Asks: 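Provided herewith is a single structure, encoded as structure tokens, for subsequent inquiry.
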Amino acid sequence: MSFIDFLGAAAGIVTTLTFLPQVIKTWKDKSAKDVSLMMFVIAVVNEIMWIVWAALLDPINWTIIWTNAVLMAMALTMIFFKFRYK
């Protein structure tokens, strides 16, 4: 694995952690009152665009796809929590 591949993978791992504290806090508190629904809707749209872009590259960039798939799953979880804990 080259340094560039390692750096990209490490950045992807750190990026996937960005929404995790909010997901955990919302799940534990069973409250999403102060969570912005629009932020997570925008995040889902953003993640879809990144995934499509990475899939269209030659070769496909799996680091970007996996990173954004995890982020999209967490954003969708927050959207679910927003409606469930309203």
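None of the values given here were measured: they were computed from a predicted structure.
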Asks: Minimum heavy-atom separation for I51 and M72, please, with both atom names.
Replies: CD1-CE, 4.0 Å
Asks: Would I24 and M78 show up in the same hydrophobic cluster when neighbours are defined by side-chain heavy atoms closer than 4.5 Å?
Replies: yes
Asks: How about V44 and F40: do any of their side-chain heavy atoms sit closer than 4.5 Å?
Replies: no
Asks: Applying the 4.5 Å side-chain criterion to the ILVMFWY set and letting contacts propagate, would F19 and I48 be lumped into a single cluster?
Replies: yes
Asks: Taking the side chain as everything from C-beta on, heavy atoms only, tell me whether T16 gets closer than 4.5 Å to L20.
Replies: no
Asks: Under 4.5 Å between any side-chain heavy atoms of F83 and L37, yes or no?
Replies: yes
Asks: Please round to the nearest 0.5 Å and tell me the distance separating atom CD1 of I64 and atom CD of E47.
Replies: 10.5 Å
Asks: Flag yes if V70 and L17 sit in one hydrophobic cluster, no otherwise; membership is Ile, Leu, Val, Met, Phe, Trp, Tyr, and two members link when side-chain heavy atoms are under 4.5 Å apart.
Replies: yes
Asks: May I ask you to decide if the ring planes of W66 and W62 are parallel, tilted or perpendicular, using 30° and 60° as cut-offs?
Replies: tilted
Asks: If you round to the nearest 0.5 Å, how far is OG1 of T67 from CH2 of W50?
Replies: 10.5 Å
Asks: How long is the span from the NZ atom in K82 to the OG atom in S31, to the nearest 0.5 Å?
Replies: 8.0 Å
Asks: For K30, I'd like to know if atom NZ has over 12 heavy atoms of other residues, nucleotides or ligands within 6.0 Å.
Replies: yes
Asks: Do M49 and L76 land in one hydrophobic cluster if side-chain heavy atoms of ILVMFWY residues count as linked below 4.5 Å?
Replies: no
Asks: Heavy atoms only: give me the nearest A32-T26 pair and the separation to one decimal.
Replies: CB-CG2, 3.8 Å
Asks: Any side-chain heavy-atom pair from V23 and F81 closer than 4.5 angstrom?
Replies: yes
Asks: In terms of heavy-atom contacts, does CD1 of I4 have more than 12 from other residues, nucleotides or ligands at under 6.0 Å?
Replies: no
Asks: Are W53 and I65 grouped together when hydrophobic residues (ILVMFWY) are joined by side-chain heavy atoms under 4.5 angstrom apart?
Replies: no
Asks: Quick check against the 3.5 Å criterion: does T18 have a side-chain atom that pairs as donor or acceptor with the backbone of T15?
Replies: yes
Asks: Measure the CG-OG1 distance between D5 and T63 for me, rounded to the nearest 0.5 Å.
Replies: 7.0 Å
